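Predicted, not measured: the structure shown is a model, and the values here were computed from it.
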Amino acid sequence: MNSFESSLGDRLADLRPRRDLTQEQLAEAAVLPVDAVRKPEQGRRKTARPAGINALARALDTEPGYLVGQPVTFEATRRRTACRPSWHSAKPYPP
């Protein structure tokens with residue numbers, strides 16, 4: 001199964017042991033009740049609050065998008081920086 005087709009609980013149950021954490025340790029690291037980890041892993045809760053997802057992602061050293069099944073995309077953006085010499089002014093050069 002593709003990781004983005006699985007549930008939040010499936011992804012937690014997959015990633016948590018890879019980080020060598022118990023449910024209790026993950027909950028403590030995320031400063032959440034243990035049920036915030038246990039219930040999704042057991043399939044008894046399908047959703048979570050954004051703050052909880054962010055806390056779990058930080059504790060698991062992953063992106064919140066991974067936990068909720070949203071692939072991470074990278075967009076190249078062009079930075080607009082001024083590359084003008086310090087003597088350049090907004091006025092046109094004299095003829």
Side-chain angles (χ1 to χ4, degrees):
M1 178 185 304
N2 183 326
S3 66
F4 295 109
E5 295 172 357
S6 59
S7 70
L8 167 67
D10 292 335
R11 288 183 292 276
L12 283 174
D14 178 59
L15 193 55
R16 181 182 51 75
R18 291 187 197 186
R19 300 294 192 258
D20 198 29
L21 294 170
T22 64
Q23 290 177 339
E24 292 80 9
Q25 289 169 329
L26 175 56
E28 184 178 332
V31 191
L32 293 170
V34 72
D35 278 349
V37 177
R38 186 173 291 136
K39 285 183 179 180
E41 285 191 12
Q42 293 174 346
R44 297 186 323 177
R45 182 179 295 154
K46 302 292 181 197
T47 61
R49 294 182 179 175
I53 291 168
N54 288 333
L56 289 167
R58 277 191 304 275
L60 290 167
D61 192 29
T62 191
E63 294 293 324
Y66 171 76
L67 291 181
V68 296
Q70 298 296 317
V72 177
T73 59
F74 295 97
E75 290 184 24
T77 57
R78 200 167 119 199
R79 255 183 131 177
R80 298 191 77 160
T81 57
C83 296
R84 298 181 178 137
S86 59
W87 48 265
H88 186 271
S89 69
K91 298 178 184 176
Y93 289 109

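- Legend: residues meeting side chain to side chain donor-acceptor pair (under 3.5 Å) with R49, ordered by chain and number and at least two apart, are absent.
- Note that CZ of R45 and CG of L8 are 10.0 Å apart. Values are rounded to the nearest 0.5 Å.
- Between atom CG of residue D35 and atom CD of residue Q42 there is a gap of 8.0 Å, rounded to the nearest 0.5 Å.
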In residues 53-62, what donor-acceptor pairs under 3.5 Å come from side-chain atoms, sequence neighbours left out?
from	atom 1	to	atom 2	distance (Å)
N54	ND2	P50	O	3.3

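- Applying the salt bridge (charged side-chain N to carboxylate O under 4.0 Å, His left out) test to R18 and every residue at least two apart in sequence or in another chain returns D14.
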Side-chain atoms of residues 23-34: list all donor-acceptor pairs with protein atoms under 3.5 Å, sequence neighbours left out, distances to 0.1 Å.
from	atom 1	to	atom 2	distance (Å)
Q23	OE1	R38	NE	3.2
Q23	NE2	E41	OE1	2.7
E24	OE2	R38	NH2	2.9
Q25	OE1	T22	N	2.8
Q25	OE1	T22	OG1	3.4

